[in-house]
Engineer: 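This is the structure I want to talk about, given as C-alpha cells.
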Number of protein chains: 2
Amino acid sequence: MGRHETISRRQLVQVQDRFIAAWGQMGAAWGVSRTMAEVYALLYITAQPLNTDDVMDRLRISRGNASMSLRALAEWGLVSRAHKRGDRKEYFIAEQDVWALSRKVMRERLRREVLPLLATLHELRDATDNRTEQPAGAPLRLASDDEPAPADARKPVTAAEVRQLNDRIDSLLELVQTVDRLGERFVGSDGKGLRLAANMLSKII
Amino acid sequence: MGRHETISRRQLVQVQDRFIAAWGQMGAAWGVSRTMAEVYALLYITAQPLNTDDVMDRLRISRGNASMSLRALAEWGLVSRAHKRGDRKEYFIAEQDVWALSRKVMRERLRREVLPLLATLHELRDATDNRTEQPAGAPLRLASDDEPAPADARKPVTAAEVRQLNDRIDSLLELVQTVDRLGERFVGSDGKGLRLAANMLSKII
DNA sequence: CTGGATTTTCAATAATCCGTGAAAGAAGGC
DNA sequence: GCCTTCTTTCACGGATTATTGAAAATCCAG
C-alpha cells in the first residue's frame with residue numbers, strides 16, 4: 001500500500017546501522033552480548049550470506065571478535081554456515097524466521113538459566129523438609145559443616161519458621177516451574193506458536 | 001505431608017544464604033543487578049521487615065550499596081517501606097506474592113526495554129516506506145546528512161531491496177508487538193494470571 | 001607435502017560495570 | 001535552633017567483562 005520512494009544507498013545503510021544499534025542495545029538489556037546481537041542483526045537485515053571479513057568491516061570489530069560472535073551465534077542455532085563455490089571463505093546466514101529465532105533464544109535461556117535455578121530450589125526444599133521416606137544414608141548435605149559453630153545464635157528454630165521457609169521456597173518453585181513449563185510448551189510448538197498463544201490469551205483473560 | 005526435622009539455626013541461615021545466592025545469580029542473568037536481586041531474596045526469604053543495617057550486615061555490602069539497591073527495589077515496586085514505632089530507621093518489606101512480583105518485573109521490563117525498541121522500529125519503518133498520505137512538512141529525518149557523501153557506493157537502491165528491508169523490519173515489528181501485547185495483557189490481569197495462562201495454553205497448543 | 005588462505009585461540013589491553021565509604025543531606029527530638 | 005540519627009549521593013577504585021591483534025592451528029589445492 002505504501003509508495004516506495006527511491007532512497008540513496010547511504011540512507012539504506014544508515015537505516016541498517018540504526019537497526020543494528022537498536023537490536024544490539026536490546027540484546028545487551030537481555031543477557032546477550034551487544035556484539036553478538038549486532039552481528040545477528042547485521043546478517044538478518046542485510047538478508048544475505050556474509051563472511052567474517054564482511055562482518056568485521058561493516059561493524060568495525062576485530063577479526064577475533066567477529067569469529068567468536070559468529071561461532072556463538074552458530075552454537076545458539078541462530079545462524080547457519082554456508083559456502084560459495086570457488087570461495088574458500090565461510091559464509092553465515094541468519095535464521096530468517098523471527099518466530100523460530102525467538103523459540104531458539106528461549107530454549108537456550110531456559111536451559112542455561114531456569115533449569116539450574118529449578119535444581120537449586122528443589123535441593124533447598126529437600127534440605128529443610130526431609131520426607132520420612134528418605135533413605136537413611138542419602139548424602140543430603142547442607143553447606144559444609146567444618147567451621148566451628150559460633151557460640152551465639154543457638155536458639156532453636158521453631159517449627160513455624162521452618163514451615164514458613166518451606167512455603168516461600170515452594171511458592172517460588174511453583175512460579176519458576178510454571179515459567180519453565182510455559183516456555184517448554186512454546187519451544188516445543190512449531191510455527192508461530194507465540195502468535196497463536198497471544199491470540200488465544202487475548203480472548204481468555 | 002512432610003515431617004519437619006529440627007534443624008539448627010546455622011543450617012537455616014545456610015539455606016537462606018544459598019537461596020539468596022541462587023536468586024542473585026538468576027537476577028544477574030536477567031538484566032537485574034546481582035546485589036539488587038540478592039537484597040530482594042533476603043527480604044523475601046526471611047519474611048520480615050529489615051532495615052538498611054540488617055541488609056548490610058547479612059549481605060556484607062556497604063551502606064551505599066544497600067541504600068541504592070533498596071531504593072531501586074522500591075522504585076520497581078518490589079519492596080515497600082515501613083516504620084516501627086519508637087524506631088527511626090526505615091524498614092523494608094518484600095512483595096510477598098511471587099505472582100505479583102513477576103507481574104511487576106515484567107511491567108518494568110516492558111516499559112524500559114520493549115517500548116523503546118518498538119519506537120525505534122516504527123521510526124525506521126517510516127523512514128524507508130513513506131506513505132503517500134504523509135504530511136509534506138513532517139520532520140521525517142534519517143540520521144543527519146551533514147557529512148559529505150563518499151564518492152563511491154552510489155549505485156541506486158532497487159525497489160526490491162527496499163521492499164526486503166521493509167519486510168524484515170515488519171516481521172520483527174510484529175514479533176515485538178506480540179510480545180508487548182502479551183506482556184501488557186499479563187501485567188494487566190490480576191492474581192495468578194500467569195498460572196492461568198499456562199493452564200490455558202497447555203490445553204490449546 | 002608445501003604454501004597460502006582462512007579461522008581460531010588467547011594473553012594483553014581496554015571498556016564497562018559495580019561497590020565503597022566519606023561527606024553531604026534530611027528528618028526528628030529536645 | 002542544634003544535635004543526633006539515619007539516608008542519600010557520588011567520585012574513586014576495584015572487579016568483571018569485552019575486544020583486540022598477533023600467533024597458532026586448520027584447511028585445501030596443487
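Computed from heavy atoms alone, side chains included, the values below leave out hydrogens, waters and symmetry copies. Remember, it's a predicted structure, so these values are computed and weren't measured experimentally. All chains are named by letter (A, B, ...) in the order of the sequence lines, taking the proteins before the strands, and each is independently numbered beginning at 1.
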Engineer: From NZ of A:Lys84 over to P of C:dT6, roughly how many Å is that when rounded to an integer?
Structural biologist: 13 Å
Engineer: List the steps and the verdict of salt bridge (Lys or Arg N to Asp or Glu O under 4.0 Å) for A:Arg181 and A:Glu184.
Structural biologist: CA-CA 5 Å; A:Arg181 276 198 302 265; A:Glu184 288 292 354; over 6 Å; no
Engineer: Using heavy-atom distances to pick each residue's nearest nucleotide on DNA chain D, tell me which of A:Arg88 and A:Ser33 is more 5'.
Structural biologist: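 By nearest-heavy-atom nucleotide position, the 5'-most residue is A:Ser33.
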Engineer: Which whole-number value in Å describes the distance from A:Lys89 NZ to C:dA5 P?
Structural biologist: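 It works out to 10 Å between those atoms.
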Engineer: As a test of understanding, state which of A:Leu115, A:Leu121, A:Val114 forms a side chain to side chain contact (heavy atoms under 4.5 Å, CB included) with A:Leu117.
Structural biologist: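 That would be A:Leu121.
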Engineer: Could you check if a side-chain atom of A:Arg81 sits within less than 4.5 angstrom of a side-chain atom of A:Tyr91, using non-hydrogen atoms only?
Structural biologist: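 Not in contact.
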Engineer: Tell me: CG of A:Asp87 to P of D:dC27, nearest whole Å?
Structural biologist: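 Rounded to the whole Å, the gap is 17 Å.
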Engineer: Taking atom C1' of D:dC6 as reference, at what distance in whole Å does atom CZ of B:Arg81 sit?
Structural biologist: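 So the CZ-C1' distance, B:Arg81 to D:dC6, works out to 13 Å.
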Engineer: Rounded to whole Å, please give me the gap between CG in A:Leu73 and C1' in C:dT8.
Structural biologist: 16 Å
Engineer: Would you indicate which nucleotide in C:dT9, D:dG21, C:dT20 comes nearest to any side-chain atom of B:Asn65?
Structural biologist: C:dT20
Engineer: Output the single nucleotide from D:dT9, C:dG19, C:dT8 whose closest atom is nearest the side chain of B:Arg71.
Structural biologist: D:dT9
Engineer: Would you say B:Arg63 reaches C:dG19's phosphate, i.e. side-chain N/O to OP1/OP2 under 4.0 Å?
Structural biologist: no
Engineer: Are OP1 or OP2 of C:dG19 and a side-chain N or O of B:Arg34 less than 4.0 angstrom apart?
Structural biologist: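 For C:dG19, OP1 or OP2 has a side-chain N or O of B:Arg34 closer than 4.0 Å.
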Engineer: Using 4.0 Å as the upper bound for N to carboxylate O, is an ion pair formed by B:Arg103 and B:Glu95?
Structural biologist: no
Engineer: Figure out the CD1/C1' separation between B:Ile61 and C:dT20, and round it to whole Å.
Structural biologist: 11 Å
Engineer: Please tell me which of the listed nucleotides, C:dT20, D:dT19, D:dT7, lies nearest to the side chain of A:Thr35?
Structural biologist: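 Closest nucleotide to the A:Thr35 side chain: D:dT19.
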Engineer: Nearest whole Å is fine: how far is D:dT19 C1' from A:Glu38 CD?
Structural biologist: 13 Å
Engineer: Is A:Lys104 salt-bridged to A:Glu108, going by a charged N under 4.0 Å from an acidic O?
Structural biologist: no
Engineer: If you check the A:Ser62 side chain, which of C:dT7, D:dT7, D:dT20 turns out closest?
Structural biologist: D:dT20
Engineer: Please report, rounded to the nearest Å, how far the P atom of C:dC18 is from the CG atom of B:Leu59.
Structural biologist: 16 Å
Engineer: From C:dT7, C:dT20, C:dC10, pick the nucleotide closest to the side chain of A:Met68?
Structural biologist: C:dC10
